2 protein chains.
Amino acid sequence: MALEHAILVSLLEKPGSGYELARRFERSIGYFWTATHQQIYRVLKRMENDGWVDVRDVPQQGRPDKKEYSVAGLGRAALSSWLHDPIEPESVRHDLAVKIRGAAFDDPAALIREVQRHRQTHRNRLAHYLAGEARDFTGPEAEAEATGTETPLDAERELQHVVLRGGIAYERMMTDWLDDVLATLARFGPGR
Amino acid sequence: MALEHAILVSLLEKPGSGYELARRFERSIGYFWTATHQQIYRVLKRMENDGWVDVRDVPQQGRPDKKEYSVAGLGRAALSSWLHDPIEPESVRHDLAVKIRGAAFDDPAALIREVQRHRQTHRNRLAHYLAGEARDFTGPEAEAEATGTETPLDAERELQHVVLRGGIAYERMMTDWLDDVLATLARFGPGR
DNA sequence: TCGGCCATGTAACCAGTTACATGATTGT
DNA sequence: ACAATCATGTAACTGGTTACATGGCCGA
């Protein structure tokens, strides 16, 4: 299980409320982990009970009060121990691949539309990631990154960048592969 | 949910027992879906109750008897309806990416070993997939595939091939990205 | 005789999804 | 007036993992 740990990392990067965490899971953390607000609130409560996080009530005007969570000593220790614990390289789960092999036993026309939809989604994600990269990882710090003159404080940033590059590589790979799938389907689809 | 449908596709490709399905889920189907035997037996029972599959007792000598499952009309219909049902492009779940971002708050040395382990696993999978491709997708049928002179019976084969190419592209992307991760970690890891 | 393969299952648990619920404020 | 955003939750369900269980055959 990594949701707890993803939350710990996110709170270490910046403390925040359950709501704010949910938003982050739609953006940057969403590159590699997803979670709904329901799940986050539930896990956050458990983490609070276990003493992994501290809570602070933050009254706000013009909007509802919020609870700001930050990582406690026990949470930091839990994260550290998890980081030292080897995990198995996870295996993939691709519904779409099941569908593709299933298309051999069904009309491929519907599948072509489905694959096109997916390709579009991955294209969009790729564009979104590239825009984020241009926004957040170019400029003076990128200079330091390239020339190796960075400070320890840049480590966090650079690790975020390399994870983003992973997301970019993934989306690029997927769009290319889905092009391949479409070409393959086109070869025997319409002629029959 | 796609396990039911993955099983249907696999049984359409070739009928077999729960045990055999479990083995397939360790091999070819494992490129894009995993399942343990416990899960398979449970789902198979439900599919049998729902009339999606037919069972036939096959006595064997020298080894335990087995139940051979094959797809029934209802199962075929269920698969077809699922194939026509659009699914959301799934989002990724990468424990390793959580760890990488978490390494900013911990000793990166342990992470380097972990990343190296993962890279090795992906390298091995890549080699395994490439060997499978060379074994199953070269020869006379590949000729037909390349020249477009294939028959409808080759569709099943070609779709299997394109899914395998997806697995290959994925493993290649992962090994490349993990090289990138290691280079990034090396840049600020040992110097501090 | 010991481990590995063939073959099938039960039970408990854990994580994730979906549906439902409330209520204030801000902008169109 | 209505929709969107901020903010927090409960409850039921589903799917997946882990542990446990049985038992015969085959080869080293």
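Below, chains carry the letters A, B, ... as their sequence lines are ordered, and counting in each starts from 1. None of these values were measured; they are calculated from a predicted model.
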Checklist line | 5'-most by nearest nucleotide on DNA chain C - L3(A) or R63(A) | finding: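 Here L3(A) is the residue nearer the 5' end.
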
Notebook entry, point to check: Which sits closer to the 5' end of DNA chain C, R93(B) or E68(B), going by the nucleotide each is nearest to?
Noted result: E68(B)

How many Å lie between [atom1] on [X] and [atom2] on [N], as a whole number?
| X | N | atom1 | atom2 | value |
| --- | --- | --- | --- | --- |
| R27(A) | dT5(D) | CZ | C1' | 14 Å |
| I7(A) | dA15(C) | CD1 | C1' | 13 Å |
| Y69(A) | dG9(D) | OH | C1' | 10 Å |
| E48(A) | dG9(D) | CD | P | 9 Å |
| D95(B) | dT17(D) | CG | C1' | 14 Å |
| L44(A) | dT10(D) | CG | C1' | 16 Å |
| H5(B) | dT14(D) | NE2 | P | 15 Å |
| I87(A) | dA15(C) | CD1 | P | 15 Å |

Are [X] and [Y] close enough for a salt bridge, meaning some N to O gap below 4.0 Å?
| X | Y | result |
| --- | --- | --- |
| R24(B) | E13(B) | no |
| E26(B) | R23(B) | yes |
| E114(A) | K99(A) | yes |
| E20(B) | K66(B) | yes |

According to a strict under-4.0 Å criterion, is [X] in side-chain N/O contact with OP1 or OP2 of [N]?
| X | N | value |
| --- | --- | --- |
| K45(A) | dT8(D) | no |
| Q60(A) | dC6(D) | no |
| Y41(B) | dG9(C) | no |

Interface polar pairs with nucleotides 26-28 of chain D, N/O, under 3.5 angstrom:
none

Please list, one pair per line, the donor and acceptor atoms closer than 3.5 Å that link side chains of residues 67-85 of chain B to other protein atoms, with sequence neighbours excluded.
from   : atom 1 : to      : atom 2 : distance (Å)
E68(B) : OE1    : R56(B)  : NH2    : 3.0
R76(B) : NH2    : F105(A) : O      : 3.3
S80(B) : OG     : D106(A) : OD1    : 2.9
H84(B) : ND1    : S80(B)  : O      : 2.8

Parallel, tilted or perpendicular: which one describes the rings of [X] and [Y], with boundaries at 30° and 60°?
| X | Y | result |
| --- | --- | --- |
| H161(A) | F137(A) | parallel |
| H94(A) | Y170(B) | perpendicular |
| Y41(A) | H37(A) | perpendicular |

Notebook entry, point to check: If you round to the nearest 0.5 Å, how far is NE2 of H118(A) from CG of D95(A)?
Noted result: 8.0 Å

Next item on the list: With rounding to the nearest 0.5 Å, note down the distance linking CG in L44(B) to CZ in R42(B).
Entry: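 One finds 12.0 Å between CG of L44(B) and CZ of R42(B).
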
Item checked: Nucleic acid contacts - residues 8-26 of chain A versus DNA chain D, non-hydrogen atoms under 4.0 Å -> S17(A), G18(A), Y19(A), R23(A)

Checklist line | Partner residues of F32(B) under the ring pair (Phe, Tyr, Trp, His ring centres under 6.0 Å) criterion, sequence neighbours left out | finding: none

Notebook entry, point to check: Of all residues at least two apart in sequence or in a different chain, which pass the ring pair (Phe, Tyr, Trp, His ring centres under 6.0 Å) check with Y31(B)?
Noted result: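 Y31(B): ring pair (Phe, Tyr, Trp, His ring centres under 6.0 Å) contacts with Y129(B).
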
Note to self: If you only use heavy atoms from C-beta on, which nucleotide in dT8(D), dG16(C), dT8(C) is closest to the side chain of K67(B)?
What the structure shows: dT8(C)

Between the protein and nucleotides 18-24 of chain D, list the N/O to N/O atom pairs that are separated by less than 3.5 angstrom.
from    : atom 1 : to     : atom 2 : distance (Å)
dA19(D) : N6     : Q38(B) : NE2    : 3.0

